[in-house]
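Each chain gets a letter, A, B and so on, in the order its sequence line appears, and its residues count up from 1.
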2 protein chains.
Amino acid sequence: MGSCQHESELAGGVSQRIDTIINHAEQHCKTHGVRLTDKRKQLLSVLIGSEKALSAYELIDLCKAEFGKAIPAMSVYRMLQFLEDERLVHKLNLANKYVACAHISCDHAHSVSQFLICGECSKVDEISVPKQVFAELEKNVEEAGFHLITPQLEINCICNDCKKGNKH
Amino acid sequence: MGSCQHESELAGGVSQRIDTIINHAEQHCKTHGVRLTDKRKQLLSVLIGSEKALSAYELIDLCKAEFGKAIPAMSVYRMLQFLEDERLVHKLNLANKYVACAHISCDHAHSVSQFLICGECSKVDEISVPKQVFAELEKNVEEAGFHLITPQLEINCICNDCKKGNKH
DNA sequence: CATGCAAATGTTACAATGTATCATTTATTA
DNA sequence: TAATAAATGATACATTGTAACATTTGCATG
């Protein structure tokens, strides 16, 4: 697997960065024969613009603040499901929150993602641990008579800022 | 750290096994100056007797079935909190369910627990991966600017039985 | 034993999260 | 443009979890 640029490090301002990623998402959907509608795009752009993982209802509030109209909860859950199916968004079950995939603009597939979730401020980092470490873990799982279903690990952490006692 | 006998492998029948563990739990509470009341004991024994992780409301139903009286949700959540604080029970945030600690009868502390959670049937196994594997993982977490708070990893899996398509 | 205090549990009323069902709107295609 | 499928909206609920206050229980002490 080649290295890739983390999307938070893309050049340009914030909204330009979001546009770039959204463009990639649109391209992705086009080639998959599915539609990235305006509403879905709104949701995704809010997630991309957020440092933190967001709950469905936080998303509703933010969309309302940014776009003026409240999206019903039912619709938000459906759109999140769509975005998850298209691997544009990850659901963090540990926190019941959602984050944009950190690699939407990358072409290559990412094998294993670990999500570090700050329990204080919900900041999330999506990292990839070395294959070998993950392979070790998987070996132990298999020995216990279980099988990994998603190569996704969610880890409860505290981020540097919160550890230092900074407010947000 | 010494090796230890997994509690599901204790000799004797099921209810005897539960009694044995409960006795250890009582001893534990006595030395910690807290009370393992009858209700708390009921809850704990249901959890010990269950192969699967149980939600708070599943616990309410099972307690009602076994002991005749329904415990209010509020009380159940409080008792679960108590049992968690005493490290007799683990909360699995991935599944919003609870399991009895697999090592109540062991004297020594267990450093790092990984919970393998079957997404089909909620069966849970509490394993310990080698220290070195965990240390590797932790190193990656630190490099990302995060810190582990609980040495607890929850992993979405499917168990052998469910993979084979067995019904429960 | 009575009394008083603290811990534990119960009750009520909600808040928050998530979904089933049916209605409506929007896009696509013949 | 009409027919159809996909997406979204609206309503009503189910489930999960908690805040606030009331009651009961266990325990120490006079």
Could I get the full list of salt bridge (charged side-chain N to carboxylate O under 4.0 Å, His left out) partners for [X], not counting sequence neighbours?
| X | result |
| --- | --- |
| Lys52(A) | none |
| Glu51(B) | none |
| Glu66(B) | none |

(message) Please list all pairs meeting ring pair (Phe, Tyr, Trp, His ring centres under 6.0 Å) that have one or both residues in residues 39-74 of chain B, counting only residues at least two apart or in different chains.
(response)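 Applying ring pair (Phe, Tyr, Trp, His ring centres under 6.0 Å) to every pair that reaches into residues 39-74 of chain B, excluding sequence neighbours, yields nothing.
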(request) May I ask you to say what Pro72(B) touches in the nucleic acid, namely base, sugar-phosphate or nothing, with a heavy-atom cut-off under 4.0 Å? (result)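 Since a base atom lies under 4.0 Å of Pro72(B), the category is base.
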(message) Need one value for Lys97(A): base, sugar-phosphate or nothing, where a base atom within 4.0 Å counts as base even if backbone is also close, heavy atoms only.
(response)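 Counting heavy atoms under 4.0 Å across all strands, no contact is made by Lys97(A).
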(request) Could you pull out all residues at least two apart from Phe115(A) that satisfy ring pair (Phe, Tyr, Trp, His ring centres under 6.0 Å)? (result)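 Ring pair (Phe, Tyr, Trp, His ring centres under 6.0 Å) list for Phe115(A), sorted by chain: His90(A).
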(request) Sort and list the pairs that fulfil salt bridge (Lys or Arg N to Asp or Glu O under 4.0 Å) and have at least one residue in residues 89-98 of chain A, not counting sequence neighbours. (result)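 Sorted result for residues 89-98 of chain A: Glu58(A)-Lys97(A).
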(message) Per the salt bridge (Lys or Arg N to Asp or Glu O under 4.0 Å) rule, what does the pair list look like for residues 32-43 of chain B, sequence neighbours excluded?
(response)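 Checked against salt bridge (Lys or Arg N to Asp or Glu O under 4.0 Å) - neighbours excluded - the pairs reaching residues 32-43 of chain B are Glu26(B)-Lys41(B).
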Output side-chain donor-acceptor pairs under 3.5 Å for residues 79-88 of chain A, partner residues at least two apart or in another chain, one line each.
| unit_1 | atom_1 | unit_2 | atom_2 | d |
| --- | --- | --- | --- | --- |
| Gln81(A) | NE2 | Asp85(A) | OD1 | 3.0 |
| Glu86(A) | OE1 | His28(A) | NE2 | 3.3 |

(request) Could you state the atom-to-atom distance from CG of Leu83(B) to C1' of dA8(C) in whole Å? (result)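 The answer, rounded to whole Å, is 13 Å.
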(request) Identify, residue by residue, the members of residues 26-52 of chain A with a heavy atom below 4.0 Å from DNA chain C, and return them in order of residue number, or none. (result)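 Output list: Arg35(A).
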(message) For a 4.0 angstrom threshold against heavy atoms of chain B, report the outermost contacting nucleotides of DNA chain D in 5' to 3' order.
(response)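 Using the under 4.0 Å cut-off, the span is dT16(D) to dG26(D).
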Listing, residues 13-22 of chain B side-chain donor-acceptor contacts under 3.5 Å, not counting sequence neighbours, or none:
| unit_1 | atom_1 | unit_2 | atom_2 | d |
| --- | --- | --- | --- | --- |
| Arg17(B) | NE | Glu7(B) | O | 3.1 |
| Arg17(B) | NH2 | Ile48(B) | O | 3.3 |
| Thr20(B) | OG1 | Gln16(B) | O | 2.9 |

For nucleotides 16-24 of chain C, which of its nitrogen or oxygen atoms have a protein nitrogen or oxygen under 3.5 Å away, and what is each distance?
| unit_1 | atom_1 | unit_2 | atom_2 | d |
| --- | --- | --- | --- | --- |
| dG18(C) | OP1 | Asn96(A) | OD1 | 3.3 |
| dG18(C) | OP2 | Tyr77(A) | OH | 2.6 |
| dG18(C) | O5' | Tyr77(A) | OH | 3.2 |
| dG18(C) | N7 | Tyr57(A) | OH | 2.9 |

(request) Scan side-chain atoms only and decide if Glu126(A) and Ser113(A) contain a donor-acceptor pair under the 3.5 Å cut-off. (result)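 A donor-acceptor contact under 3.5 Å links the two side chains.
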